[in-house]
Amino acid sequence: MPAYRRVLLKLSGEVFGGGQVGVDADVVGSIAQQLAEVVNSGVQVAIVVGGGNFFRGAELQQRGIDRDRADYMGMLGTVMNCLALQDFCEKAGLETRVQTAITMGQVAEPYIPRRAERHLEKGRVVIFGAGSGMPYFSTDTVAAQRALEIGAEVLLMGKQGADGVYDADPRTNPDAVKFNELSCDEFLARDLKVADATAVSLARDNALTMVFFNLDVPGNIMRVINGEEIGTFVRP
Ligand code: UDP
């Protein structure tokens with residue numbers, strides 16, 4: 001029995017690329033299959049898609065590209081991921097809509113929150129792209145903002161290569177210890193890098209719970225939605 005009626009799932013670009021530049025069809029196809037199971041159980045699913053598998057503004061800036069322009073490149077990269085996810089979701093039998101924060105009428109609807117809610121009520125998966133449309137933000141922050149604006153009950157942070165929040169990076173530090181639960185304040189005080197601090201403070205200030213979990217294990221999206229205590233709960 002699902003524990004939530006409406007969820008916002010954040011998928012980072014790293015997930016889409018399977019650690020590479022571009023889109024890994026097997027990974028995106030598997031996520032779409034998992035989403036079909038979730039939607040068919042009656043849960044409304046909105047998704048914010050990252051773009052780090054194409055461009056990250058801060059990295060391009062280090063290579064000499066103006067930060068604002070680099071961030072727009074980053075935002076455009078997220079839209080390519082949205083279209084890939086849309087395609088695999090539709091092949092898995094789901095109805096979908098992509099909404100972008102930068103208008104591009106030929107490929108997506110503009111971001112209209114009330115219309116997004118209407119789509120969700122009809123059982124459509126709504127995929128949000130182009131971040132906030134504003135440089136200097138991250139898609140983590142947009143995920144928290146969209147979750148709040150469309151009334152999602154929880155923000156699900158799907159991760160690759162880690163099954164929750166650790167006190168150090170588990171990929172480089174074998175002694176890293178996993179938290180089952182922690183507060184937003186503790187997350188911020190420890191300066192943990194697994195999510196953007198702006199996103200966590202937005203969640204704290206608006207009573208939104210975040211759940212970090214491992215997307216590498218098929219079925220985990222449904223497990224989290226069913227209330228299984230996998231991953232890490234970051235509570236306001
Ligand atoms: N970005 C931005 N404004 C936003 C969201 C994203 O400028 O509101 C840019 C930023 O350059 C970022 C890139 O888009 O590095 C890709 O997003 P993000 O790094 O959040 O993707 P993820 O790490 O989740 O793959």
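Whatever order the structure lists ligands and atoms in, that order sets their numbers, starting from 1. Atoms considered below: every heavy atom in the structure, side chains included; atoms not considered: hydrogens, waters and symmetry mates.
When atom types are taken as modelled, the side chain of D196 and the backbone of T198 share a donor-acceptor pair closer than 3.5 angstrom. Side chain of T232 to main chain of F179: a donor-acceptor pair is present (N/O by atom type, distance under 3.5 Å, no hydrogens or angles). E109 contributes no side-chain N or O that, together with a main-chain N or O of Q99, makes up a donor-acceptor pair within less than 3.5 Å.
M134 O, 2.7 Å is the protein heavy atom nearest to atom 3 (N) of ligand 1. Distance from atom 10 (C) of ligand 1 to its nearest protein heavy atom, with residue and atom name: D71 OD1, 3.3 Å. Remark: minimum distance from atom 21 (O) of ligand 1 to any protein heavy atom is reached at G51 N, 3.1 Å. Protein heavy atom at the shortest distance from atom 19 (O) of ligand 1 is R56 NE, 3.7 Å. The protein non-hydrogen atom at the shortest distance from atom 4 (C) of ligand 1 is F137 O, 3.3 Å. Among protein heavy atoms, the minimum distance from atom 8 (O) of ligand 1 is reached at S132 OG, 2.6 Å. At the top of the distance list for atom 18 (P) of ligand 1, counting protein heavy atoms only, stands T139 OG1, 3.4 Å.
By the 4.0 Å N-to-carboxylate-O rule, R5 lies close enough to E153 to be salt-bridged with it.
Taking every heavy atom of G13 and a limit of under 4.0 angstrom, the matching atoms of ligand 1 come to 22 (P), 24 (O), 25 (O). Contact atoms of ligand 1 toward F55: 13 (C), 16 (C) (distance under 4.0 Å to a heavy atom of the residue). In the vicinity of P135, heavy-atom distances shorter than 4.0 Å reach the ligand 1 atoms 7 (O). Residue G50 approaches ligand 1 through these ligand atoms, each under 4.0 Å from one of its heavy atoms: 21 (O), 22 (P), 24 (O), 25 (O). Atom numbering of ligand 1 starts at 1 in the shown order; those under 4.0 Å from a heavy atom of G52 are 21 (O), 22 (P), 25 (O). Those atoms of ligand 1 with a heavy atom of S12 less than 4.0 angstrom away are 24 (O), 25 (O). For ligand 1, the atoms sitting less than 4.0 Å from at least one non-hydrogen atom of V142 are 8 (O), numbered in the order shown with element in parentheses.
Nearest-heavy-atom check against atom 14 (O) of ligand 1 across G74, S138, A130 picks out G74. Looking at M157, M75, E14, K10, it is K10 that brings a heavy atom closest to atom 24 (O) of ligand 1.
Within 6.0 Å of atom CZ in R69, 12 or fewer heavy atoms from other residues, nucleotides or ligands are found, so the atom counts as exposed in its surroundings.
Residue contacts with ligand 1: G131 is placed with no nitrogen or oxygen under 3.5 Å of a nitrogen or oxygen of the ligand (distance criterion only). Of the N or O atoms in G57, one or more lie within a sub-3.5 Å distance of an N or O in ligand 1.
Side-chain atoms of S12 and K159 include no donor-acceptor pair closer than 3.5 Å. Side-chain contact of Q145 with E149: a donor-acceptor pair under 3.5 Å is present, judged by distance alone.
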What do the steps show when you test N226 against R223 for side chain to side chain donor-acceptor pair (under 3.5 Å), and what is the final call?
CA-CA 5 Å; N226 279 339; R223 285 188 193 99; over 6 Å; no
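Taking 4.5 Å as the limit, some side-chain heavy atom of C89 sits within range of a side-chain heavy atom of L35. Contact check for D163 versus I230: no side-chain heavy atoms found under the 4.5 Å cut-off.
A heavy-atom separation below 4.0 Å is not found between E59 and ligand 1.
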